[in-house]
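What you see is a predicted model, and the numbers here were worked out from it, not measured in a lab. Numbered from 1 within each chain, the chains take letters A, B, ... in sequence-line order.
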Amino acid sequence: MQDLQMFLANIWYFLLGLVLVLYVVLDGFDLGVGMLSLFARDERSRGIMMASLGYIWDANETWLVILGGMLFGAFPLAYGVMLQAFYLPLLLMIFGLIFRGMAFGFRENADNKRPWNVAFGLGSLLSTLAQGLILGGFISGIPMHGRSYAGHVWDWLTPFSLLVAAGAVFGYALLGAAYLIIKTEGEIQKLNYRYAKIAASLMLLAAAGISIWTPLRHAYVAERWFVWPNFFYIALLPAGAFCSFLMLMRSLQKRQERAPFFWSLGIFLFSFTGLAVSLYPYIIPTTVTLGEAAASPKTLVFMLTGIGMLIPLMLGYNAYQYAVFRGKVREEQGYPSGS
Amino acid sequence: MDFFLDSLLLSRLQFALTTIIHIIWPVLSIGLSLFLLIIEIFWFKTGREVYYRQARFWSRLFLLNFGIGVVTGIPLEFQFGTNWAPFSIQNGDFFGNILGFEAAMAFMLEAGFLGIMLFGWDRVAPGVHLFSTAMVAFGASLSAFWIMAANAWMQTPDGVHLEHGRLVVDSYSAAIFNPSAFTSITHMWVASVETTLFLIGGISAWHLLKNRCREFYLISFRLALLSVIVIAPLQIVLGDLSGAVVARHQPAKLAAMEAHWQTNLPGQGAPWVALAWPDPEKQANTWAIEIPYGLSLLTTRSLTGKVTGLRDIPRENQPPVALPFYAFRVMIIIGFLLAFLMLWSAWVFIRKPLTLAHIDRQRHLLWAWVGSAPLGYIAVESGWITREVGRQPWVVYGMMRTEDAATSLPAGVVMTSLAGYTLIYGLLLFGYLFFVRRIIRQGPDLTSPLPAPEQHSPSPAGAGPALEDRQPLGGD
């Protein structure tokens with residue numbers, strides 16, 4: 001029974017990671033485009049940037065809801081404790097997402113677009129910062145007493161989490177710029193080659209800082225990394241991320257259209273795997289392992305049939321929707337303006 | 001003031017506020033997606049342009065409505081963890097599981113086909129577009145199914161037991177199809193459809209009165225009217241069934257809804273209290289207008305059936321009385337008002353067909369439709385207040401008390417989030433109403449070119465013979 005539960009808990013840990021990556025990448029470029037819209041030169045290019053997301057932002061955000069539902073059902077303890085620990089940054093994240101939703105809903109129907117432009121850009125920035133702060137606070141560990149949170153409401157705010165938040169902003173901006181390179185042409189595309197370079201360089205700096213600071217600050221990570229032969233394998237991950245970065249810069253230099261997004265994805269995947277390897281088997285570092293937080297085997301199996309098996313299907317129809325809208329954004333596409 | 005220092009109360013207020021405002025949008029998403037599906041089936045089958053125009057016009061409302069629904073729904077899911085951590089930790093095995101199902105099976109289905117439905121007219125074949133619309137509608141209704149199953153389980157938990165303060169699921173089918181699941185799901189689903197139909201009917205009636213795009217709005221008015229002939233009475237039947245389930249499984253809630261204090265003695269009937277001022281201190285009504293035998297008849301189908309009064313329920317397990325009592329009455333009155341409006345309309349149009357010439361002489365009727373447009377929403381809200389307040393002091397009826405379910409948070413933190421939500425949801429609601437009004441005032445676009453999907457036959461009925469002369473709504 002114990003073995004079965006551990007096996008199922010591991011499967012759910014993996015699925016959770018998978019959906020987290022999907023959310024981070026998909027809503028990442030979505031939020032990134034939002035932040036970049038703050039630099040848009042005129043109303044027309046801002047309209048194109050928003051239209052590039054019009055058909056897909058709901059679905060991208062839905063991965064967050066699925067992530068929440070999965071964590072709630074499969075690891076109820078982790079859900080209760082983490083959400084309590086990150087009460088304030090979650091609030092900021094949600095407010096940011098609401099501002100974005102308002103912008104999508106209201107801007108096309110409004111005569112004065114300015115307030116909604118601001119809501120879109122700053123909402124995206126706010127959500128991204130909050131997500132970075134949550135990640136930073138999460139890596140730093142969550143103190144617990146028995147089965148409840150024992151920390152303070154401001155525990156997540158540290159210099160370390162601020163650095164992670166900066167990394168998140170640059171990372172999402174990179175994804176957003178890479179997405180816009182695929183979806184736009186002409187002046188907007190040219191600008192985004194430049195933005196992608198700047199964002200990637202800043203992200204590299206932040207990532208390097210985080211990679212060095214994390215094991216120094218958190219003993220549980222150091223114990224995982226600095227043991228032979230672990231060190232050798234783990235070192236492959238930052239090496240992979242760095243190679244992706246080099247390939248990214250090369251593809252930007254060569255003005256390729258799809259390759260920058262692909263290599264940005266590479267950076268994210270290597271970094272994320274590094275994080276997952278450092279954390280395992282904790283689901284709340286360093287107080288709760290995934291086995292302790294997991295729901296009963298019965299629930300985990302039932303959820304596998306209802307959610308786990310649906311993931312390929314969800315990926316399928318989401319991919320289909322992207323395929324339907326492939327190619328450059330057309331100006332009239334997206335939200336029908338005053339038709 | 002103690003009020004501001006009580007984080008339990010603040011968390012409850014925050015959840016109440018965010019749900020009361022959020023529910024506005026899913027109600028219309030559920031109903032309108034079905035309406036759009038039916039309209040598009042007509043377009044697909046007949047190729048008549050007016051159905052395409054209908055689909056595009058109501059889609060604009062749907063687009064605005066859906067986006068706001070998504071972003072106002074996210075805080076609800078997260079609040080279970082932030083403000084109700086003990087509830088989540090104890091009940092996650094079932095409750096969290098079901099919310100996950102809702103997101104993966106239903107919510108993603110809607111979002112995954114929404115883009116094609118709204119912006120894909122020129123990009124996919126008509127059949128694929130129709131399929132996408134069907135998936136959005138199916139997803140919206142499936143979402144209602146899971147959410148209502150989860151909420152019904154909180155009302156009448158079944159198929160589970162507690163072991164060391166943790167929930168163990170014995171039977172998923174018993175938990176999902178708990179005693180109140182069927183009535184809860186159907187009552188809410190039909191409420192969404194009915195609210196949408198009276199909104200569409202009301203908007204159409206208003207344009208008919210104002211002489212704008214009359215042929216266009218006659219179509220939607222007629223479709224709404226034909227549908228409510230079935231839906232309005234059905235909802236009254238479902239409401240009655242729902243009440244019977246409450247009587248059987250949640251006697252305290254029923255007694256509160258009906259301000260019924262004293263259990264009737266054998267051989268005597270419990271009266272139905274039409275109006276009253278309930279006084280929990282005295283455990284009696286200060287005054288009441290009663291209909292003898294009414295409550296026994298309504299809940300047990302017998303003149304002298306036993307109906308437990310609140311006095312037989314320990315004080316600490318009694319829900320508040322006045323709020324469920326009055327909210328319940330508001331809902332019932334609206335249910336019957338809408339049914340009456342349906343009968344009036346049916347009476348008028350059975351005698352003479354529903355044509356523009358005839359409708360011009362029915363201005364009172366049209367104004368009644370305009371006035372009824374927001375009523376469904378009010379009924380939904382008051383119904384939910386009855387349902388949730390009547391469940392108190394339990395969050396999971398008989399299993400977990402509300403006071404044990406809340407996270408212990410500093411009151412200042414909850415005060416901050418409550419203030420933030422109040423401000424932002426207020427702004428959202430205001431903006432939504434403002435832009436809905438604008439969309440409705442602009443009216444349909446009757447001139448833009450018909451969709452011409454790339455690489456596909458331009459004929460919308462390309463899959464089969466075009467049936468130009470078929471009119472599924474009955475003759476003009």
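Between B/S88 and A/P76 the shortest heavy-atom distance is O-CB, 3.6 Å. When all heavy atoms of B/A111 and A/T62 are compared, the closest pair comes out as CB-OG1, 3.6 Å.
Using a 4.5 Å cut-off between heavy atoms, A/V65 contacts chain B through both its backbone and its side chain. When heavy atoms are compared at a cutoff of 4.5 Å, B/V413 approaches chain A by way of both its backbone and its side chain. Of the two parts of B/L109, the backbone and the side chain both hold a non-hydrogen atom closer than 4.5 Å to a non-hydrogen atom of chain A. Using a 4.5 Å cut-off between heavy atoms, A/A74 makes no contact with chain B at all. For B/F57, no part lies near chain A; criterion is any non-hydrogen pair under 4.5 Å. Only the side chain of B/P410 comes within less than 4.5 Å of a heavy atom in chain A; its backbone stays farther off. With a threshold of 4.5 angstrom between heavy atoms, B/F78 approaches chain A through its backbone and through its side chain. For chain B, the nearby part of A/W116 is the side chain; its heavy atoms alone come within less than 4.5 Å. With a 4.5 angstrom heavy-atom cutoff, B/F434 does not touch chain A via any of its atoms.
Contact tally against chain A (heavy-atom pairs below 4.5 Å) for B/L99, B/T407, B/L428, B/L64: the top residue is B/L428. Between chain A and the options B/I116, B/I439, B/V414, B/I68, heavy-atom pairs under 4.5 Å are most frequent for B/I116. Ranked by non-hydrogen atom pairs under 4.5 Å with chain A, the options B/M108, B/R438, B/Q90 are led by B/M108. Here B/Y172 is the residue among B/Y172, B/F66, B/Y432 with the most heavy-atom pairs under 4.5 Å with chain A. Counting heavy-atom pairs closer than 4.5 Å to chain A, the top residue among B/A103, B/G431, B/G81, B/G100 is B/G81. The choice from A/Y149, A/F95, A/Y322 that makes the most heavy-atom pairs within less than 4.5 Å of chain B is A/F95. Comparing A/N60, A/L64, A/I56 by heavy-atom pairs within less than 4.5 Å of chain B, the highest count is held by A/L64. Contacts with chain A were tallied for B/G120, B/S448, B/G112, B/P86; B/G112 has the most, counting heavy-atom pairs under 4.5 Å. Ranked by heavy-atom pairs under 4.5 Å with chain B, the first of A/L71, A/L67, A/L77 is A/L77.
You'll find the ring centres of A/Y55 and B/F119 outside the 6.0 Å limit.
Rounded to the nearest 0.5 angstrom, B/T82 OG1 and A/I94 CD1 are separated by 7.0 Å. Summarising the geometry, atom CD belonging to B/Q79 is positioned 10.5 Å from atom CG belonging to A/L83; distances are rounded to the nearest 0.5 Å. Interatomic distance, A/M102 CE to B/T72 OG1, rounded to the nearest 0.5 Å: 10.0 Å. In this structure, the separation between OG on A/S296 and CG on B/L167 is 8.5 Å, given to the nearest 0.5 Å. Taking CH2 of B/W84 as the start and CD of A/Q84 as the end, the distance is 12.5 Å to the nearest 0.5 Å. Taken to the nearest 0.5 Å, the CD1 atom of B/I98 stands 9.5 Å off from the OG1 atom of A/T299.
Annotation: side chain of A/F99 is not in contact with side chain of B/V71 (no heavy-atom distance under 4.5 Å).
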Practice task
Could you check A/Y320 against B/V128 for side-chain contact (heavy atoms from CB on, under 4.5 Å), going step by step and ending with a plain yes or no?
Solution key: CA-CA 11 Å; A/Y320 175 70; B/V128 176; 3.2 Å; yes

Practice task
Under the side-chain contact (heavy atoms from CB on, under 4.5 Å) rule, what do B/L63 and A/E108 come out as? Steps first, then yes or no, please.
Solution key: CA-CA 11 Å; B/L63 171 64; A/E108 289 304 325; over 6 Å; no

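A/F302 and B/F101 have tilted rings, their planes meeting at an angle from 30° to 60° on a 0 to 90° scale.
Annotation: A/H145, atom NE2; neighbour count of heavy atoms from other residues, nucleotides and ligands within 6.0 Å does not exceed 12. By the 6.0 Å contact criterion, CZ on A/F14 is open, its count of non-hydrogen atoms from other residues, nucleotides or ligands being 12 or less. Atom OH of B/Y425 has more than 12 heavy atoms from other residues, nucleotides or ligands within 6.0 Å.
At a heavy-atom separation below 4.5 angstrom, chain B is approached by A/L310, A/M314, A/Y317, A/N318 within residues 309-318 of chain A. The contact list for residues 17-29 of chain A toward chain B, using heavy atoms and a distance under 4.5 Å, is empty.
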Exercise answer: donor-acceptor pairs, residues 85-93 of chain A side-chain atoms, under 3.5 Å, sequence neighbours excluded:
from, atom 1, to, atom 2, distance (Å)
A/Y87, OH, B/N83, OD1, 3.4
A/Y87, OH, B/N83, ND2, 3.0
A/Y87, OH, B/S417, OG, 2.7

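For B/R166, the side-chain contact (heavy atoms from CB on, under 4.5 Å) partners are A/R147, A/A295, B/D93, not counting sequence neighbours.
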